[in-house]
Amino acid sequence: MKTNKLFALGLALGLVVANVPAQNKLFSELVGPGSVGAVKSTGALQVPFILWGGDMATFYANGGLKTKSGSIFQKQGLNLNLTPGDDFIQQVRDYRSGKSPFLRGTYRMMGQASEVLGSDPRTKGVMIMQMTWSAGDHMVARENIKTVTDLKGKTVAVQQGGPHIGMLDDILKTAQLDWSDINVKYFEALTGDGSPVEAFKDDTTISACFAVTPDMFGLCTDLNGVGTGAEGTVKGAHVLVSTAELSRSIADVYVCRKDFYDANRPLVRKFVAGYLKAAEELIDKRAAHEAGRNDAAYTALLDQTVQIYTKEALPNAAEAHGLLLDCTFAGYPGNVSFFEKQGNLHGFEAFQTASLDLAVKLGYAKQKMGLFPSGLNYKHDDFLQYLTKTEAEQGERFRAEAVLEEIELLSSGGELDDRTIVSFTINFKPNQTEFSAVQYAAEFNRVIETADKFGNAVVAIRGHADPTKTLIDLIKAGNAKGTLRRTGTRGNYRYSLNGRPLELNDTARLVEAIKAGDFDGVNDHNPRQTMQAALNLSRKRADAVKNSVIAYAKGKGIAVDLSQIQPQGVGIAEPFIAKPSSAAEAEQNMRVEFRLIRVSAEVTQETDFDF
């Protein structure tokens, strides 16, 4: 679990009070005046770190806060002094003055500071590395908020300036909402007094808040739990969105001053390679620790991390291990993909566009001043002859058959809504089996972008059919068999099946009766056969939509994980209008529904890196 994820970011943009307006101070005003100085050329190089599992790889590579003899960085010829960077504003001041050539934060934070960085040619930022993705930040909502679309018009509590600002932006985009569609309350602290979590407990007008893992446990017990109101939990509180699924929202990065980078490219390359080497080793050591195998170096790192962060922030080694579990390393393959892969929707260019747009939108910058991509030669021997995990081995993320089985189980058990993060539909005409990108480009784009951002969730494409023909055959077959009786007058008919009242809009019971054989044996009217044909057609339509989405993505040069998009035929089981009275109502049942679904870890394939 995560402990104080980025307390570093808790002070990211200075202290603010709750209920500040959405328009924020310019980042330049927060940093204040100051001159640009040269980076010192003697002694140890100052490198900031923050409280996050990804920085444990930096400690490991350096052997501690000062470069230790025999450590990875020392063998790379580096001499570093790791310093706390929890106050991001001070980081930027040190960067500008030349105390350190590096900045450490998330991509969105770099976007918020981008105008300050870009104001002088010497301090323009070169993003040299993506370290990790977060898997331990959460939006917790009250009982009445079922999906992210329910946030419209509601109040959301978030820490000012930290990583959850970008996460909230991603969530709003997923639901096709804007910041103007919600009420935002900002709080100065990430956790404890003055935090969104504490406000959520005390103020019932706040519908959702952002929390790190320990606080999330306190509100609703776990990722799939619901608060009862006992033991400090909030009744009905549940995780609406988590970076456990929204896995490509919070990207942790290092940025380097351009003047230093241009003059010291080999040094920067060795720093990046050393970090990636440490990440490789920690992935294996972390897995061994999870399996109960002791590793002296890993145990020493956990103890060292507690000492560095202090027991107040990180009480013990178990918490340190949990902090590391909550991050997903990008590794060498991830960095190559992040900086060089064309059409990467979670790559450098896509993140840059989103980060700069958000910085201007929220008032941290007046104009967009971009950062430079790493520019590193990833085919250099410093990488290929040094690292061991350099092959892009990640294939399909999900076990497709297991995913479909789980979705069908959730559907039959009535739990699908509880696992749905967001959903939307497209409608079609009778007998339609082709879905052109010309007609559905907007929906296809939404599916592709949502699937990419939510790398650990599944998009179910669920085909639905109209039940009208099945109902007609059911009535005629029941009448012929004598099992179905009708009383009343036209427009007010009442039906009974085998002596029990039967409502034609009770789809679940009708389906059950058909499967039980209550209408079998009438040659001219076979509702079982009609229902099966509707199911087959709905699956065919779902398959056709998936194929169209994949073809559309391929045409735009975007790679899609085929296992993440799963078609499912629902047939007549979930009609929008159970007993249509017109052709127009019947067409409302002819739809393909897209659901973003939180699935269990058991249906995913294990992988070292996410790229």
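Because only heavy atoms are used, hydrogens play no part in the values below, and waters and symmetry mates are left out as well, while side chains stay in.
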If we ignore hydrogens and angles and just use 3.5 Å, is the side chain of [X] paired with the main-chain N or O of [Y] as donor and acceptor?
X      : Y      : result
Asn456 : Ser247 : no
Tyr378 : Pro333 : no
Thr243 : Leu246 : no
Asp561 : Arg397 : yes
Arg142 : Phe200 : yes
Arg591 : Thr425 : no
Arg248 : Asp452 : yes
Asn335 : Gly331 : yes
Asp181 : Asp178 : yes
Ser355 : Gly111 : no

Crowded around [X] [atom1]? As in, over 12 foreign heavy atoms under 6.0 Å?
X      : atom1 : value
Lys366 : NZ    : no
Glu340 : CD    : yes
Lys154 : NZ    : yes

Is it the case that the side chains of [Y] and [X] hold a donor-acceptor pair, with the cut-off being a distance below 3.5 Å and no angle test?
X      : Y      : answer
Asn589 : His464 : no
Ser134 : Asp137 : yes
Asn536 : Gln532 : yes
Glu574 : Thr507 : no

Aromatic ring centroids of [X] and [Y] under 6.0 Å?
X      : Y      : value
Phe348 : Tyr107 : yes
Phe594 : Phe424 : yes
Trp52  : Phe329 : no

Student check: side-chain heavy atoms of [X] and [Y] closer than 4.5 Å:
X      : Y      : value
Val241 : Val148 : yes
Ile145 : Leu151 : yes
Leu172 : Ile182 : yes
Phe210 : Gln159 : no
Met139 : Val239 : no
Tyr254 : Met129 : yes
Pro580 : Asp466 : yes
Ser114 : Leu356 : yes

When you check the gap from the basic side-chain N to the acidic O, do [X] and [Y] get nearer than 4.0 Å?
X      : Y      : value
Arg598 : Asp418 : no
Glu587 : Lys429 : yes
Lys579 : Asp506 : no

To the closest 0.5 Å, what do you measure between [atom1] ([X]) and [atom2] ([Y])?
X      : Y      : atom1 : atom2 : answer
Ile572 : Leu471 : CD1   : CG    : 6.5 Å
Asp252 : Thr132 : CG    : OG1   : 3.5 Å
Leu504 : Leu474 : CG    : CG    : 7.0 Å

Taking Asn344 as the fixed residue, which of Lys341, Gln342, His346 is the one that meets the side-chain hydrogen bond (donor to acceptor under 3.5 Å, both in side chains) rule?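 Only one option passes, and that is His346.
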Can you see whether Tyr552 has Lys546 sitting over its ring - NZ or CZ less than 6.0 Å from the centre and within 45° of the normal?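 No cation-pi geometry.
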Stepwise side-chain contact (heavy atoms from CB on, under 4.5 Å) check, Leu219 with Thr233: CA-CA 4 Å; Leu219 292 175; Thr233 64; over 6 Å; no
Ring pair (Phe, Tyr, Trp, His ring centres under 6.0 Å) for Trp133 and Phe454? Distances and angles first, verdict last. CA-CA 12 Å; Trp133 298 103; Phe454 286 80; over 10 Å; no
